[in-house]
Number of protein chains: 2
Amino acid sequence: MKLGNRIKELRESQGLLQRQLSAQLEIDTPMFSKIERGERRAKREQVLKIAELLKVDTQELLTLWLTDQVLEVILNEKQALQALKMAEKDIKNKTK
Amino acid sequence: MKLGNRIKELRESQGLLQRQLSAQLEIDTPMFSKIERGERRAKREQVLKIAELLKVDTQELLTLWLTDQVLEVILNEKQALQALKMAEKDIKNKTK
DNA sequence: CTTATATTGGACAAAATTTGACAAGTCAAA
DNA sequence: TTTGACTTGTCAAATTTTGTCCAATATAAG
């Protein structure tokens, strides 16, 4: 699940309009529309605000947001999986 | 292993100077020095060139390069591991 | 100690990318 | 056909990235 899709899902299930959320985010509707469709990336700060407005767990949206970014980096790269594995090891070893 | 460290390792084992490699890359030595120390990110194109100059497998360096970037995105995020797992699933499902 | 060469650090400029605004468009409902 | 919600495309402002330059530090040789 992509961040934008999740946002749209939540927004619609609560009967909210793009116009209303974008106002709270202080961006215009086209911009919000683009974020929802994944055409533009949301800023971390905006993700936090959106989670708040949609009354959803911040961590859920942040995870989707991070995942989108990770995919953006490795997409179309032959070494994608290998890089993910290495990154995972590094993260796990960070505290050790 | 970070890309920069690997580059330095290879370069020194072959008795090459930063000056020589940076010339081939058409950047100056400070820039190359920064790439080696991970202070600056190399461009994909530069990684390819470096692999060629150091006679090392392109894929090895690209994997390190990608990993660095993935880590850059998720570092210091609580959801780092979760995001990696999700990304992995997405990549694996891409072809299916 | 001096000199010469290699590498690093920091400030700044150029280039590239991202972010957002705006105008105009589509689509569906009334 | 008018209205409201959303989308598309283009442009400029803002931010980030990439690279250059100069100076500082380090290393090695004489």
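Atoms considered below: every heavy atom in the structure, side chains included; atoms not considered: hydrogens, waters and symmetry mates. Since we're looking at a predicted model, the values are computed, not measured.
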What is the distance, rounded to the nearest whole Å, between atom [atom1] of [X] and atom [atom2] of [N]?
X	N	atom1	atom2	value
Ile27(B)	dA14(C)	CD1	C1'	16 Å
Leu25(A)	dA21(C)	CG	C1'	15 Å
Glu36(B)	dG19(D)	CD	P	15 Å
Arg37(B)	dG9(C)	CZ	C1'	7 Å
Gln18(A)	dT7(D)	CD	C1'	8 Å
Glu12(A)	dA5(D)	CD	P	13 Å
Ile35(B)	dT18(D)	CD1	C1'	9 Å
Glu26(A)	dT19(C)	CD	P	17 Å

Heavy-atom side-chain proximity of [X] to [Y] below 4.5 angstrom:
X	Y	value
Ile35(A)	Ile27(A)	yes
Leu16(B)	Leu10(B)	no
Met86(A)	Leu64(B)	yes
Leu75(B)	Lys94(A)	yes
Thr67(A)	Leu3(A)	no

Indicate for each nucleotide in nucleotides 22-30 of chain C, in 5' to 3' sequence, whether protein heavy atoms under 4.0 Å reach the base (B), only the sugar-phosphate (S), or nothing (-). BB-------
For DNA chain C, determine which residues of residues 40-51 of chain B have any heavy atom closer than 4.0 angstrom to one of its atoms, and list them numerically. none
Has Glu12(A) got more than 12 heavy atoms of other residues, nucleotides or ligands less than 6.0 Å from its CD? yes
Spell out, yes or no, whether Leu17(A) and Leu21(A) are grouped together once hydrophobic residues are joined by side-chain heavy atoms under 4.5 Å, including indirect joins. no
Passing option when Glu36(A) is tested against Lys2(A), Gln18(A), Lys8(A) for side-chain hydrogen bond (donor to acceptor under 3.5 Å, both in side chains):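 The residue from Lys2(A), Gln18(A), Lys8(A) that satisfies side-chain hydrogen bond (donor to acceptor under 3.5 Å, both in side chains) with Glu36(A) turns out to be Gln18(A).
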Would you kindly compare Glu39(B) and Leu17(B) by the position of their nearest DNA chain C nucleotide and give the one closer to the 5′ end? Leu17(B)
Quick one: is dT8(C) close enough that its OP1 or OP2 comes under 4.0 Å of any side-chain N or O from Ser33(B)? yes
Show me the pairs that pass salt bridge (charged side-chain N to carboxylate O under 4.0 Å, His left out) and involve residues 57-86 of chain A, at least two apart or across chains.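 Non-adjacent pairs meeting salt bridge (charged side-chain N to carboxylate O under 4.0 Å, His left out): Arg6(A)-Glu60(A), Arg41(A)-Glu72(A), Glu77(A)-Arg44(B), Lys85(A)-Glu88(B).
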